[in-house]
Amino acid sequence: MQDLLNEIAEAMGAETERGKVADYIPELAHVDPNRFAISLATVNGERYSAGCATSPFSIQSISKVFTLTIALGKMGDALWSNVGREPSGDPFNSIVQLEHEGGKPRNPFINAGAIAVVDAIMMGHEPKETLAELINFVRYIADDESICFDHKVAASEMAHRDRNASLAHFMKAFGRLRHDVDKVLGTYFHQCAIAMSCEQLAHAGLFLASDGVNQPSNIRVVSPQRARRINSLMMMCGHYDASGEFAFRVGLPGKSGVGGGILAIAPGQGALAVWSPGLDDYGNSLLGTKALEMFVQRTGWSVFGH
Ligand SMILES: NC(=O)CC[C@H](N)C(=O)O
């Protein structure tokens with residue numbers, strides 16, 4: 001396995017077409033597009049990494065998996081009255097469906113859906129209380145107390161919030177958000193600004209690969225049914241309007257972020273994290289996807305088989 005990850009890192013290092021680093025969040029624009037990392041944490045407790053797997057990066061929308069997990073823990077199926085679970089077929093920051101669908105976002109992974117999830121988690125609390133709960137959860141599942149928010153990234157996104165603010169105000173007008181829009185957005189931007197390395201991210205995702213049990217602590221995070229459902233949402237919606245393409249090429253539940261990271265779950269096998277900052281036209285990591293495609297071709301770990 002270590003040889004395979006080394007080979008993948010070497011192959012990705014040689015690629016010249018590396019995609020485009022996100023610049024709509026100015027603080028992300030100066031990340032070096034040549035960086036690459038991959039980590040695998042297996043359900044048996046093995047750990048493999050190649051590239052700069054201990055360098056923290058902005059996990060961005062990958063954080064939506066963690067807030068969804070918290071929201072389901074707090075309110076269970078009641079969450080689905082305000083957030084759908086269908087692929088949107090539209091870009092992550094699109095507003096068009098909201099108008100036709102009563103302000104109810106299609107799924108928890110597009111921006112509108114993630115903003116609705118944050119609003120649901122807040123439950124009348126201040127942003128800093130919600131954020132403390134979130135970071136404690138992430139530190140717990142990653143078994144790493146050093147994980148923190150990158151406040152510069154959060155501030156950069158707050159300063160350029162027009163698009164997400166539009167989504168939030170639109171949902172608020174439909175009576176879908178309970179809290180003050182700027183407080184919800186501030187919480188959402190900090191959530192997206194969590195900085196983690198591939199090693200930390202793979203560890204954090206492991207409970208989804210092992211029927212909801214955190215490894216190696218052996219403590220249950222969610223029920224097997226909930227792990228299965230979160231994985232199915234990642235498969236269907238985790239890459240926005242390129243979720244079908246990701247399923248076709250990789251065939252694993254996956255969640256991307258505009259920081260260039262992808263968390264992919266191989267149920268019963270392990271969790272994979274990849275990072276390459278350059279994005280494709282859909283806002284997903286270009287080489288991250290390529291690396292995962294190479295990984296499943298060699299291991300046969302796609303949920304759809306070889
Ligand atoms: N796809 C993403 O990673 C988008 C997250 C980013 N924070 C945004 O709201 O635009």
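Atoms within each ligand, like the ligands themselves, are counted from 1 in listed order. If you're wondering where the values come from, they're calculated on a predicted model, not measured in any experiment.
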**Prompt:** Does NZ or CZ of Arg35 lie under 6.0 Å from the centre of the six-membered ring of Trp275, at an angle within 45° of the ring axis?
**Reply:** no
**Item:** Near-ring test Phe92/Tyr240, centroid separation under 6.0 angstrom
**Value:** yes
**Asked** With a cut-off of 4.0 Å, which atoms of ligand 1 are near a heavy atom of Tyr240?
**Response** 1 (N), 2 (C)
**Salt-bridge present (Lys290, Glu17; N to O < 4.0 Å)** = no
**Request:** Between Asn93 and ligand 1, find which residue part has any heavy-atom pair under 4.0 Å and reply side chain, backbone, both or neither.
**Result:** neither
**Message:** For atom 9 (O) of ligand 1, what is the closest protein heavy atom, and at what distance to 0.1 Å?
**Reply:** Tyr188 OH, 2.7 Å
**Prompt:** For the side chain of Arg220 and the backbone of Asp211, is there at least one donor-acceptor N/O pair under 3.5 Å apart?
**Reply:** yes
**Fill in**
Atoms of ligand 1 under 4.0 Å from any heavy atom of Gln60, numbered from 1 in the order shown, are 3 (O), 5 (C), 6 (C), 7 (N)
**Message:** Looking at Glu199 and Arg47, is any side-chain nitrogen of the basic one under 4.0 Å from a carboxylate oxygen of the acidic one?
**Reply:** no
**Contacting atoms of ligand 1, where contact means under 4.0 angstrom from a heavy atom of Gly257** = 3 (O)
**Asked** Nearest to atom 10 (O) of ligand 1, what protein heavy atom do you find, and at what distance?
**Response** Tyr24 OH, 2.4 Å
**Complete:** Under 4.0 Å from one or more heavy atoms of Ser61, ligand 1 contributes atoms 1 (N), 2 (C), 3 (O), 4 (C), 5 (C)
**Asked** Does Asp182 come within less than 4.0 Å of Arg161, counting only side-chain N to carboxylate O?
**Response** yes
**Prompt:** Any side-chain heavy-atom pair from Glu133 and His125 closer than 4.5 angstrom?
**Reply:** no
**Asked** Is there a donor-acceptor pair under 3.5 Å between the side chain of Asn231 and the backbone N or O of Leu208?
**Response** yes
**Request:** Describe, in one word, how the ring planes of Phe170 and Phe174 are oriented to each other, choosing from parallel (under 30°), tilted (30 to 60°) and perpendicular (over 60°).
**Result:** perpendicular
**Complete:** Note: ligand 1 atoms sitting under 4.0 Å from heavy atoms of Cys192 are 7 (N)
**Request:** Give the atoms of ligand 1, by number and element, whose distance to some non-hydrogen atom of Asn164 is under 4.0 Å.
**Result:** 8 (C), 9 (O), 10 (O)
**Asked** For Val258 and ligand 1, does the shortest N/O to N/O distance drop below 3.5 Å?
**Response** yes
**Whether Phe189 lies under 4.0 Å from ligand 1, heavy atom** = no
**Message:** Under 3.5 Å between any N/O of Lys64 and any N/O of ligand 1: does that happen in this structure?
**Reply:** no
**Item:** Residue portion contacting ligand 1 (non-hydrogen atoms closer than 4.0 Å) for Glu157
**Value:** side chain
**Asked** Has Gly283 got any heavy atom lying under 4.0 angstrom from an atom of ligand 1?
**Response** no
